[in-house]
2 protein chains.
Amino acid sequence: MSSRAHPGGKVTIAEVAQRAGVSKGSVSLAMNDKPGVSAATREKILKVAKELGWLPNQAARSLSSATTQVNNIGLVIARPARMLGLEPFYMEFISGIESVLAERSHSLLLRLVRDVDEEVEVHDGWGRSKQISGSIVVDFTVDDPRIPALRASRLPVVAVGHPDLTGGLPSVWTDDGAAITEAVHYLAALGHRRLARVGGPPSLGHSAIRTEAFVRAVAGLNLEPARIVPTDFSGEQGARATRALLASAQRPTAILYDNDIMAVAGLSVATEMGVSVPTELSLLAWDDSQLCRLTHPPLSAMSHDVFVFGAEVARLLMSIIDHGEADAGHAAPTPVLVPRGTTARLR
Amino acid sequence: MSSRAHPGGKVTIAEVAQRAGVSKGSVSLAMNDKPGVSAATREKILKVAKELGWLPNQAARSLSSATTQVNNIGLVIARPARMLGLEPFYMEFISGIESVLAERSHSLLLRLVRDVDEEVEVHDGWGRSKQISGSIVVDFTVDDPRIPALRASRLPVVAVGHPDLTGGLPSVWTDDGAAITEAVHYLAALGHRRLARVGGPPSLGHSAIRTEAFVRAVAGLNLEPARIVPTDFSGEQGARATRALLASAQRPTAILYDNDIMAVAGLSVATEMGVSVPTELSLLAWDDSQLCRLTHPPLSAMSHDVFVFGAEVARLLMSIIDHGEADAGHAAPTPVLVPRGTTARLR
DNA sequence: CATGCTTGCTTATCCGGTAAAGCGGTTGTT
DNA sequence: AACAACCGCTTTACCGGATAAGCAAGCATG
């Protein structure tokens, strides 16, 4: 460690210049690979800089050049902290993002907020203080109020959601409508005619899209009108919704859930109420995490690789940061039906 | 939005000063609640600043005062991205941290790295560029090389790990030794005399501590010498370790796992090999996430609330940032044995 | 009434970089 | 021969704040 001249880490450009026998300006040019210094001088400067362990002060640099270079990507999530830990989706999504960021030496700046207003505020703050070089935005609603704010901020952004919702921001999405349709057709083929859906909050865009596709598919196949129960995605509400559905007079023979947490909870409820799965009742989860393989019987699910999805989102953001907004985004692979033990032909 | 005089967001202190009819210096004093300006002037300055929507340039401020005020907490994890998504521990830990950060308007700067060297590098970078005001450090090894680096950085830090490992850094830990001892005694009381342990990497301090406590407890009770299989915490290696143990001549009648992922995998292996749990074999998990309640039979586990643990860590860090390093840290509640369906008296 | 102490504000620096202008000396242009 | 254009480097002027020093006016003190 003989290279550390100043263990305190207080080396400035002036000191490097002095030791190298040149001026501050030359050091600056040399360090930034700009023309204006001879190869010999450049080499000498770099050598001295390395010896002193000098690294340019980021604050000073961004102050003078107005070109801050941070390697952080922002992600604001407006959900309660508890849920983040419980829902496998977010963790896999985040690790997918991190897998791309890590190889590019970027970090993820993660913030949980209460509501959309706070989210916009946080985002603005990050933008102004140059703490992030881009951002990932999730959970779009219809006519999402964040869209104009994001556009005004001029920060590179990737929206996670269907183009109908993301107002022209570069987006990555899955074709939930197609997946739902596939699921409904599959259940109908198994003889089910009374379906139900345990969905997310109607305000959330992707939940609304799924509901619409669900209703359309049910109608298209002339099945009985389907009940749709909104939830907040939590296991508790998934359980409650299932309980309500199973207790009703005309109880459904198949239930589609909007995530795997609720499906797991729903399966427990069915067991607890003595409704046998899959002979009397079929259950189909969404977001196929390892949870689905652990239940008994294992949950059939609309499966997609959330890790890869997150990576895809991060990759698009990186490309936008590097080359500008060339790409308008693209759809990720449509979730695929993976039948396991909770779906079967109706007797 | 009439308050936005400059939509471009390019308001400087000079402009505020000019409009308020005072000097830059006065504006600075007024904005930082420092004495030296009359109440009337201060009020006028604040009013003008608000009208113009001025917010001090963070770079300039930190350049001149060397006292950057960012609301970010750092967390570097040296594990592969895939694992982050699969292990419930980290997600719950992170959400626990976020729960405290959110209420104080702080964000988490999260980075995945390959190895310890890179971790130190990232940490140094964050420190120098003033991107974080404190940091949480995990996965300590014996004689961890990060300790001197962290100490030199002078950044507020909370170490997650036993004080024996964290070299005097303020720490939060769980008494894993006591928990392991309890587990061994419990299994011995059920009649088990041949135990095995599927542990983490021996280099990891907490894994070593558990192994030591395990060996000591086994010896103390005069049980048969126990086999210890190291892993990388992944489900795959948990499965392989279990397979090896069950295939051996003198197969154990009880296995302790170092996390829940491996225990789940181990349970599958037992089923696949026709070893009935819990009649022939008892399994005990660590880090009791919801996974443990979903398996069949449900997994007995050494349970602790990881969410609360993460929150505790974050709270200590906040207090150190606010009031300095008064607290040397403390132990979190010791994990509690929760018997479910995978532990039973040996026949 | 001269002196010293506050009070309230301005001015001058400084933080550590970047970027443009300046400056001798050599070389190319017409 | 006169002039422009480079070269390689130094000077100088900022960037946008914080802060110490300076300074005039008001006020109490002896």
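Residue numbers start from 1 in every chain, and the chains themselves are labelled A, B, ... in the order their sequence lines are given, proteins ahead of strands.
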Please determine if a side-chain N or O atom of [X] lies less than 4.0 Å away from the OP1 or OP2 oxygen of [N].
X: Thr41(A); N: dC9(D); result: yes
X: Asn57(B); N: dC15(D); result: no
X: Trp54(A); N: dG17(C); result: yes
X: Ser26(B); N: dT10(C); result: yes
X: Ser28(B); N: dG17(D); result: no
X: Ser38(B); N: dC9(C); result: yes

Taking atom [atom2] of [N] as reference, at what distance in whole Å does atom [atom1] of [X] sit?
X: Lys34(A); N: dC7(D); atom1: NZ; atom2: P; result: 17 Å
X: Leu29(A); N: dC9(D); atom1: CG; atom2: P; result: 10 Å
X: Leu55(A); N: dG16(C); atom1: CG; atom2: P; result: 14 Å
X: Gln18(B); N: dG16(D); atom1: CD; atom2: C1'; result: 15 Å
X: Asn32(A); N: dG17(C); atom1: CG; atom2: C1'; result: 10 Å
X: Arg61(A); N: dC14(D); atom1: CZ; atom2: C1'; result: 17 Å
X: Ile45(A); N: dG17(C); atom1: CD1; atom2: C1'; result: 15 Å
X: Met31(B); N: dA18(D); atom1: CE; atom2: P; result: 9 Å

- Which is true for Ser23(A) with a 4.0 Å heavy-atom rule: it touches a base, it touches only sugar-phosphate, or it touches nothing? base
- Heavy atoms under 4.0 Å, any strand shown: does Val22(B) hit a base, just sugar-phosphate, or nothing? sugar-phosphate
- Query: Below 4.0 angstrom, N of the basic side chain to O of the carboxylate: do Arg111(A) and Glu121(A) qualify?
  - Reply: no
- Could you tell me whether Glu87(B) and Arg79(B) make a salt bridge, using a distance below 4.0 angstrom between a side-chain N and a carboxylate O? yes
- CG of Leu165(B) to CD1 of Ile147(B): how many Å apart, nearest 0.5 Å? 8.0 Å
- Query: Going from CZ on Arg19(B) to CG on Leu52(B), what distance comes out if it is rounded to the nearest 0.5 angstrom?
  - Reply: 4.5 Å
- Item | Base dG17(C) paired with Lys24(A) side chain (donor-acceptor, <3.5 Å) | yes
- Contact check, side chains of Trp54(B) and Glu15(B), non-hydrogen atoms, under 4.5 Å: no
- Message: Which nucleotide wins on minimum distance to the side chain of Leu63(A), given the candidates dG17(D), dA19(C), dC15(D)?
- Response: dC15(D)
- Query: 5'-most contact on DNA chain C: Val37(B) or Ala60(B), nearest heavy atom basis?
  - Reply: Val37(B)
